[in-house]
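Values below: all heavy atoms of this structure, side chains included; hydrogens, waters and symmetry mates excluded. Just so you know, residue 1 is the first one in the sequence shown, and it goes up from there.
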Amino acid sequence: MKTAFHIVWTACLGMVLLFIFSSCPAFAINFEVPNKVSQGRGFLVKIEDTAPFSGKIIWRQKEIAFTAKEISTGYTAQVLLGMPIDAKNKEFVTLTVNDKKITKEVTPLPVKWVTHKLTVAPKYVEPPKELTERLQKERTATKKILATISSNPTWKLPFTRPVKGTISGSFAARRVFNDKPRSPHLGTDMRGAIGTNILAMADGVVLLAKEHYYSGNAVWIDHGQGVISMYGHMSKFAVKTGDKIKQGQKIGEVGATGRVTGPHLHLSLYIQGVAVDVVPFFRTNPLEVIGGPTKEEPRPQPKEPAAQKAKTSKKYTKVKTTNKTK
């Protein structure tokens with residue numbers, strides 16, 4: 001038979017245990033963040049749990065909402081973030097789920113960017129004064145596009161390479177036009193003949209398809225969660241503003257419109273407004289977050305015609321046989 005003391009003691013113990021466990025934050029979610037990322041690189045954060053969840057990531061004062069998807073082992077969510085090209089100090093990623101928070105730090109690694117000296121028409125270095133209003137409108141439109149952070153992600157890794165051409169201009173190269181320094185090259189130049197098809201890197205919605213002074217005929221595509229791709233200097237459009245597109249779909253053709261030295265595709269990738277090197281996204285997972293800048297590649301040499309190659313090979317064989325006879 002329990003005494004009054006045992007009853008009171010048991011009740012008190014229960015209250016103490018209840019207080020202890022209710023005061024401890026139960027946060028069993030797995031939150032993966034790389035601890036080092038090179039300047040100008042995009043990186044992936046992953047959130048996993050055994051139960052459904054939703055929340056947001058806070059990165060450089062931007063909020064990116066997400067909802068987990070069910071997989072065979074539970075539920076998972078992924079968010080892409082970008083490290084600025086001039087980042088020097090540690091940055092912090094904060095995960096918020098059910099009023100619980102986890103913050104992790106990311107250290108930026110320095111990158112030695114290349115410098116390009118280019119010669120273009122003088123009007124593209126010092127635009128005529130009558131274009132001031134137009135340029136301001138284009139800058140405002142671009143700024144609005146890059147501030148877009150829609151809730152539903154449509155991207156998946158790896159991205160589709162828009163053209164097969166080699167890299168002629170690396171990301172974040174310091175540009176000097178007609179001996180006058182200008183802003184870094186916030187994109188990657190890829191070789192392509194005029195008329196070459198340009199393919200969308202991922203599913204998305206066309207935010208703008210329009211001719212701009214510097215970018216020429218250009219297309220901006222929203223892939224969700226602030227992931228925006230831009231394709232410049234096109235000769236033709238194959239999509240229009242508002243179109244929903246699929247990964248690998250033709251969106252235009254390579255050209256030489258705007259400020260260019262020859263036909264090519266200028267390709268940019270922005271993540272919550274931060275320009276990052278797009279080339280690592282074409283490779284298979286995992287996404288490479290350390291390295292840079294992407295190396296430029298020499299122009300491919302034309303292949304020897306098959307008939308000429310066979311003739312050369314036959315001639316070489318004949319000479320070789322004659323030498324052996326002697």
Side-chain angles (χ1 to χ4, degrees), residues 31-47 55-66 77-96 101-116 139 142-150 153 155 157-159 167 169-176 181-189 201-202 220 222-230 266-283 285-296:
F31 183 34
E32 297 181 12
V33 179
N35 54 22
K36 294 181 180 180
V37 176
S38 292
Q39 295 171 326
R41 286 279 176 140
F43 63 99
L44 195 67
V45 300
K46 299 180 181 180
I47 312 101
K56 64 183 179 181
I57 292 289
I58 300 176
W59 169 252
R60 305 186 71 254
Q61 301 180 333
K62 301 285 181 66
E63 293 188 0
I64 307 97
F66 63 81
Q78 297 183 340
V79 176
L80 281 174
L81 304 175
M83 184 65 74
I85 61 175
D86 56 355
K88 295 180 181 179
N89 302 318
K90 289 182 178 179
E91 301 279 359
F92 298 90
V93 184
T94 298
L95 166 67
T96 300
K101 292 185 178 181
I102 295 180
T103 297
K104 295 192 175 185
E105 64 180 33
V106 184
T107 300
L109 301 179
V111 172
K112 186 176 181 180
W113 307 109
V114 302
T115 298
H116 287 157
R139 282 192 288 268
T142 300
K143 187 176 180 179
K144 182 179 179 180
I145 288 170
L146 299 184
T148 301
I149 303 181
S150 54
W155 55 268
L157 300 181
F159 290 164
I167 306 301
S170 66
F171 172 76
R174 273 45 184 170
R175 290 287 178 93
V176 180
R182 288 297 183 263
S183 301
H185 181 228
L186 299 182
T188 299
D189 289 342
M201 294 194 299
W220 285 260
D222 175 18
H223 305 290
Q225 294 182 327
V227 180
I228 309 289
S229 59
M230 178 271 191
H266 170 95
L267 179 65
S268 289
L269 177 64
Y270 296 89
I271 304 179
Q272 295 98 42
V274 175
V276 300
D277 192 345
V278 68
V279 176
F281 288 84
F282 302 143
R283 300 164 187 154
N285 289 333
L287 180 63
E288 295 178 4
V289 300
I290 296 177
T294 292
K295 293 182 179 179
E296 296 172 8

Separation between CD (Glu296) and CD1 (Ile167), nearest 0.5 Å, reads 9.0 Å
May I ask you to test the Tyr270-Ile145 pair for a side-chain heavy-atom distance under 4.5 Å?
no
Exercise for review: Would you check, one step at a time, whether the test side chain to side chain contact (heavy atoms under 4.5 Å, CB included) holds for Arg41 with Val276?
Suggested key: CA-CA 5 Å; Arg41 286 279 176 140; Val276 300; 5.9 Å; no
Note: Met201 and Ser229 closest approach over all heavy atoms is CE-CB, 3.2 Å
Looking just at side-chain N and O atoms, do Thr148 and Asp222 make a donor-acceptor pair shorter than 3.5 Å? no
dist Ile57:CD1 -> Leu80:CG (nearest 0.5 Å) comes out at 11.5 Å
Of all heavy-atom pairs linking Trp155 and Gln78, the shortest is CZ2-O, 4.0 Å
Correct closest heavy-atom pair for Ile102 and Phe31 would be CG2-CD2, 3.8 Å
Value for CD1 (Ile58) from CG (Leu81), rounded to nearest 0.5 Å, stands at 11.5 Å
Assign the ring pair Phe43 / Trp59 to parallel, tilted or perpendicular, where the plane angle (0 to 90°) is split at 30° and 60°. perpendicular
On a heavy-atom basis, the closest approach of Phe281 and Gly42 is CZ-CA, 3.9 Å
Rounded to the nearest 0.5 angstrom, the CE-CG distance for Met83 and Asp86 is 11.0 Å
CZ (Phe171) and NE2 (His185) are apart, to the nearest 0.5 Å, by 9.5 Å
Next on the checklist: Keeping Lys62 on the side-chain end and Gln272 on the backbone end, is there a donor-acceptor pair under 3.5 Å?
Outcome noted: yes
What one should report as the nearest heavy-atom pair of Ile290 and Ser38 is CA-OG, 3.3 Å
Closest heavy-atom pair, Pro280 versus Glu288, reported as atoms and distance to 0.1 Å, is CB-O, 4.0 Å
Quiz prompt | Ile85/Val274 under side chain to side chain contact (heavy atoms under 4.5 Å, CB included): CA gap, chis, key distance, verdict | solution = CA-CA 8 Å; Ile85 61 175; Val274 175; over 6 Å; no
Quiz item: Any side-chain donor paired with an acceptor under 3.5 Å for Thr94 and Thr103?
Solution: yes
Backbone N/O of Leu186 and side chain of Ser268: donor-acceptor pair under 3.5 Å = yes
Q.
Given 3.5 Å as the limit, does a donor-acceptor pair link the side chain of Gln39 with the main chain of Val111, or not?
A. yes
Checklist entry - Hey, are the side chains of Asp277 and Leu269 touching, using non-hydrogen atoms and a 4.5 Å cut-off? => result no
Taken to the nearest 0.5 Å, the spacing of Thr142 OG1 from Ile228 CD1 works out to 11.5 Å
